[in-house]
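So the structure is just underneath, and the comments pick up after that.
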There are 2 protein chains.
Amino acid sequence: MAEKQESYQNGVLATLAVMGGKWKPLILCHMGAGPIRPAELRRVVPGISPKVLTDQLRELERDEIIERHVYNEVPPHVEYEITEYGHTLNKVLVAMSSWGEDRIKRLQDKGQTVDLVYPEHDGYSN
Amino acid sequence: MAEKQESYQNGVLATLAVMGGKWKPLILCHMGAGPIRPAELRRVVPGISPKVLTDQLRELERDEIIERHVYNEVPPHVEYEITEYGHTLNKVLVAMSSWGEDRIKRLQDKGQTVDLVYPEHDGYSN
DNA sequence: AACATAACTTACTTTTAGGTAAGTAATGTA
DNA sequence: TACATTACTTACCTAAAAGTAAGTTATGTT
């Protein structure tokens, strides 16, 4: 590992550039089951503000992780869907989820309360 | 995956709570080869400020990812070392590194310059 | 006696990610 | 004709993260 330090780092950083931040991992967790509308995402990702959700979705779209489908209807109808490329992120999400689950168990075994795990949701209750 | 949404999320969030942020992944990338002193970390992680490095190391220590060894000498001598538990994070780092490397190749194949990959280093040149 | 050293701590200031609020579009319903 | 709907956009504001700068410690070297 000592010889490959730099590329090791760069890969990690490139990944964080795409799926880092407070909301992107949560959003991606809810996009595996198929196309989803922003309103539904707001419902299942409690606490996210409409603006930030839009921002994050646009960035994921720009990075080709998700696709935006617009249906020309009134009221507007938009769906976001993970791309084929986006699905390759699953390995990372699964590795993170798995380690995190283990950590949660660890903390619970030590009698510690596991906070900080889910962003508070107050406001934007729907 | 649809039924396990929430725990999937929580695992990811628990992981991000420990190794998220701008510097922690980089720091961890440089700690696989054995104990390392803060001054050396400042050298290999260009751009990090002394205070932020200290902050990040303390958090990693609090989360039992690394250990702090103090040698009572003058001038002070401190070493940080990954714990056994900390080493379990490697799977995550490797998954992220691997995905990120692939992404870098993808971008290069499309003729795009890969920026944002490494924090700028100006100031604290040593 | 002044200076260097390593690893801090304290007390700020700056940056940036995230949050709030108000407005827009186009149409259907009360 | 007023209001509701969805998915925004624009403009502004706040809080958390990161950065800067100036001590502090105890000893050894010049």
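Order of the sequence lines fixes the chain letters, A, B, ..., with proteins taken first and strands second; residue numbering starts at 1 for each chain.
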- Assess whether atom CD of A:E84 is packed by more than 12 heavy atoms of other residues, nucleotides or ligands within 6.0 Å. no
Touch check for [X], heavy atoms < 4.0 angstrom, all strands: base, sugar-phosphate only, or nothing?
| X | value |
| --- | --- |
| B:Y71 | nothing |
| A:E40 | nothing |
| A:Q56 | sugar-phosphate |

- Note: for A:P76 and A:G21 on DNA chain C, the residue whose nearest nucleotide lies more 5' is A:G21
- 5′-ward residue of the pair B:R37/B:K51 relative to DNA chain C: B:R37
- Task: Considering only NZ, NE, NH1 and NH2 on the basic side and carboxylate oxygens on the acidic side, decide whether A:D55 and A:K51 come within less than 4.0 Å.
- Result: yes
- Note on the structure: Ranking A:P38 and A:V74 by the position along DNA chain D of their nearest nucleotide, the one closer to 5' is A:V74
Roughly how many Å is it from [atom1] in [X] to [atom2] in [N], rounded to a whole number?
| X | N | atom1 | atom2 | result |
| --- | --- | --- | --- | --- |
| B:R42 | C:dT5 | CZ | P | 12 Å |
| B:R58 | C:dT10 | CZ | C1' | 14 Å |
| A:D55 | D:dA7 | CG | C1' | 13 Å |

- Query: Hey, is the main chain of A:E64 close enough, under 3.5 Å, to the side chain of A:T83 for a donor-acceptor pair?
  - Reply: yes
- Which of the following nucleotides, D:dC8, D:dA18, C:dT9, is nearest to the side chain of B:W23? D:dA18
- Task: Examine the base of C:dG18 for any acceptor or donor lying under 3.5 Å from a partner atom in the side chain of A:K22, and report the outcome as yes or no.
- Result: no
